[in-house]
There are 2 protein chains.
Amino acid sequence: MYQILREHIEKIVPLSDEEFAFVARHFTARKYKKHQFLVQPGDAVKHYYFVVSGLLKLVYTDEDARQHIVSFAMKDWWEGDFYAFYTQTEATLSVECLEDTEVLCFSLQDYRDLCNGLQKMERFFLEKVNFGFLAAQRRIISMLTSSAKERYEQLIKQYPSLVQRVPKSQLAAYLGVSRETLSRLYQ
Amino acid sequence: MYQILREHIEKIVPLSDEEFAFVARHFTARKYKKHQFLVQPGDAVKHYYFVVSGLLKLVYTDEDARQHIVSFAMKDWWEGDFYAFYTQTEATLSVECLEDTEVLCFSLQDYRDLCNGLQKMERFFLEKVNFGFLAAQRRIISMLTSSAKERYEQLIKQYPSLVQRVPKSQLAAYLGVSRETLSRLYQ
DNA sequence: TCATATTCGTGAGGTAGGTCAACAGTGGGT
DNA sequence: ACCCACTGTTGACCTACCTCACGAATATGA
């Protein structure tokens with residue numbers, strides 16, 4: 001379990017055994033069942049999550065109770081209501097399991113201790129969020145320029161394994177179309 | 001000019017005079033005229049930009065030559081084709097002046113030297129990109145949940161000064177609607 | 001100062017995608 | 001082994017927004 005985290009971090013910054021031991025001390029392992037919520041709107045957000053196995057979704061639920069999927073997270077990805085976590089405010093998003101899921105999570109204090117105690121970890125987080133920002137920017141461009149069908153094809157191309165594992169209704173909620181429209185794209 | 005940069009950085013990390021002198025050495029001042037391009041698709045992207053005065057837009061131009069605005073940048077904001085800058089690949093986006101603009105820019109080597117030479121700057125960049133990521137996530141949610149009119153109202157609320165300075169056609173290209181539709185929203 | 005863009009508004013008609021409803025197949029849970 | 005929720009599909013109709021076209025007002029620059 002921790003080995004996956006170590007490999008993930010070492011893709012960006014190599015660590016000695018002692019350094020990784022320091023890192024690992026700041027993470028807590030948790031297991032959740034399919035359909036379980038890790039975060040719900042209004043919660044105090046104590047943790048941010050690294051997915052070891054399984055599948056999560058980050059969801060915004062609007063006034064009409066419609067669900068819009070901000071992001072998915074599979075093995076090796078990070079997930080959480082980052083705004084609420086980082087600013088220690090109430091959650092506006094929810095995090096929910098689409099499959100049984102194992103995570104390693106940390107608190108904001110852990111995050112700060114990691115950044116302050118080991119400069120490599122600050123470098124690691126900077127690198128991660130840089131690419132997270134770019135991924136978000138690409139998605140914005142995709143939403144500005146492409147039709148539902150084109151966005152669906154981009155998703156299939158970019159994350160083929162996700163499309164296998166997730167119900168189409170969930171993909172529709174991620175793409176920003178109704179499930180009926182998604183169903184009709186390839187009739 | 002450099003004072004604006006200093007104040008901007010010191011909102012996040014306080015700096016001594018020597019530290020700021022070190023930082024300032026890595027920035028170059030430039031001036032551009034309205035309609036001038038700082039970056040065009042295909043360019044080698046040598047710089048990332050901090051806006052001192054004026055107004056920039058970051059644009060994706062699709063195959064039909066339609067312009068889609070990824071972001072605006074006014075005083076105190078950062079702008080550039082970050083992906084091409086960071087990975088040293090050819091620009092896919094363009095950066096163009098909507099007004100006469102003064103910037104401070106740095107190269108990727110400068111960025112690395114800043115991060116390595118002064119841990120506070122790495123902290124600063126981490127903080128900045130964290131909030132940049134969150135802003136992008138908010139925009140994605142807005143595009144998933146809101147109509148053209150609602151998105152326009154959110155824009156007016158969030159950046160009233162921008163709406164004053166920018167032609168409606170440009171706001172439309174940012175919101176992802178045609179200028180005709182935007183024009184009809186409040187008829 | 002004049003010529004030319006640029007900007008904004010508006011009409012008419014088209015289309016991608018939404019909504020509501022019904023139905024069939026599937027799979028998990030007890 | 002059965003039930004029920006979940007999932008995907010399709011039809012009929014609706015609407016938000018797009019496209020093309022035209023015209024007027026304003027800004028820009030030689």
Side-chain angles (χ1 to χ4, degrees), chain A residues 32-37 54-55 57 59-69 72 96-101 140-156 162-187, chain B residues 32-37 54-55 57 59-69 72 96-101 140-156 162-187:
Chain A
Y32 298 91
K33 289 281 173 195
K34 186 171 177 174
H35 295 133
Q36 215 176 336
F37 284 86
L55 184 56
K57 63 175 176 179
V59 173
Y60 175 76
T61 306
D62 67 23
E63 319 79 52
D64 304 328
R66 268 179 239 270
Q67 295 205 343
H68 306 271
I69 296 182
F72 295 104
E96 187 181 348
C97 295
L98 288 167
E99 302 174 358
D100 293 356
T101 302
I140 288 169
I141 291 174
S142 166
M143 294 173 95
L144 285 173
T145 59
S146 306
S147 67
K149 182 166 185 173
E150 289 164 337
R151 296 203 303 279
Y152 186 44
E153 282 163 0
Q154 290 163 16
L155 184 66
I156 292 169
L162 190 71
V163 179
Q164 306 303 322
R165 287 162 74 177
V166 176
K168 294 239 170 82
S169 61
Q170 301 294 299
L171 298 178
Y174 175 83
L175 293 170
V177 296
S178 68
R179 70 192 173 82
E180 294 94 329
T181 294
L182 191 67
S183 169
R184 272 187 263 260
L185 288 180
Y186 288 98
Q187 61 166 6
Chain B
Y32 299 90
K33 287 282 173 195
K34 186 171 177 174
H35 295 132
Q36 215 177 336
F37 284 88
L55 185 56
K57 62 175 176 179
V59 173
Y60 174 77
T61 306
D62 68 23
E63 320 78 52
D64 305 328
R66 266 178 241 271
Q67 294 205 343
H68 306 271
I69 296 182
F72 295 103
E96 187 182 349
C97 294
L98 288 168
E99 301 174 357
D100 295 355
T101 301
I140 288 168
I141 291 174
S142 166
M143 294 173 95
L144 285 173
T145 58
S146 306
S147 68
K149 183 166 184 174
E150 288 164 337
R151 296 203 303 280
Y152 185 44
E153 281 163 0
Q154 289 164 16
L155 183 67
I156 292 170
L162 190 71
V163 178
Q164 306 304 321
R165 286 162 74 175
V166 175
K168 294 238 170 81
S169 61
Q170 301 294 299
L171 298 178
Y174 174 85
L175 294 170
V177 295
S178 68
R179 60 173 196 90
E180 293 94 330
T181 295
L182 191 67
S183 168
R184 273 186 261 260
L185 288 180
Y186 287 98
Q187 60 169 2

Take atom CD of A/Glu99 and atom P of D/dC6, then tell me their distance rounded to the nearest Å. 17 Å
B/Thr145 side chain near A/Tyr60 side chain, heavy-atom distance below 4.5 Å: yes
For the pair made of CG in A/Leu185 and P in D/dT9, what is the distance, rounded to whole Å? 10 Å
Does a side-chain N or O from A/Arg66 land closer than 4.0 Å to OP1 or OP2 of C/dT19, or not? yes
Within the modelled atom types, does a donor on one side and an acceptor on the other bring the side chain of A/Arg184 and the base of D/dG8 under 3.5 Å apart? no
Could you check B/His35 against B/Ser147 and say which one's nearest nucleotide on DNA chain D is further toward the 5' end? B/Ser147
Closer than 4.0 angstrom, basic N to acidic O: yes or no for A/Asp100 and A/Lys34? no
From D/dG8, C/dC8, D/dC17, nucleotide with atom closest to B/Pro167 side chain: C/dC8
B/Lys168 NZ to D/dT26 C1', straight-line distance once rounded to whole Å: 14 Å
Do B/His68 and A/Ile141 have side chains that approach each other closer than 4.5 Å (heavy atoms only, starting at C-beta)? no
Determine to 10° how strongly the helix from C/dT1-D/dA30 to C/dT30-D/dA1 is bent, judged from the axes of its five-pair ends. 60°
What is the minimum heavy-atom distance between A/Ser142 and A/Gln154, and which atoms define it? OG-OE1, 2.8 Å
Side-chain (B/Asp64) to main-chain (B/Arg66) donor-acceptor, under 3.5 angstrom: no
I want to confirm an ordering. Mapping B/Ser146 and B/Lys34 to their closest nucleotides on DNA chain D, which one lands closer to the 5' end? B/Ser146
Do side-chain atoms of A/Arg179 reach the backbone of A/Ala172 as a donor and acceptor pair under 3.5 angstrom? no
Over how many whole Å does the gap from A/Glu150 atom CD to C/dT15 atom C1' extend? 15 Å
Side chain B/Glu150, main chain B/Ser147, donor-acceptor under 3.5 Å: yes
Does a side chain donor of either A/Tyr186 or A/Glu153 reach within less than 3.5 Å of an acceptor in the other side chain? yes
Mind listing the closest non-hydrogen atom pair of A/Leu98 and A/Val166 along with its distance? CD1-CG2, 4.5 Å
Between P of D/dC6 and CD of A/Gln67, the distance in whole Å: 12 Å
Quickly work out the B/Leu98 CG to D/dA27 P distance and round it to whole Å. 17 Å
Write down the distance between CE (A/Met143) and P (D/dC17), rounded to a whole number of angstrom. 14 Å
Where along residues 169-182 of chain A does a heavy atom come under 4.0 Å from DNA chain C, residue by residue in number order? A/Gly176, A/Val177, A/Ser178, A/Glu180, A/Thr181
Atom CZ of B/Arg165 and atom C1' of C/dT7 are separated, to the nearest Å, by 18 Å
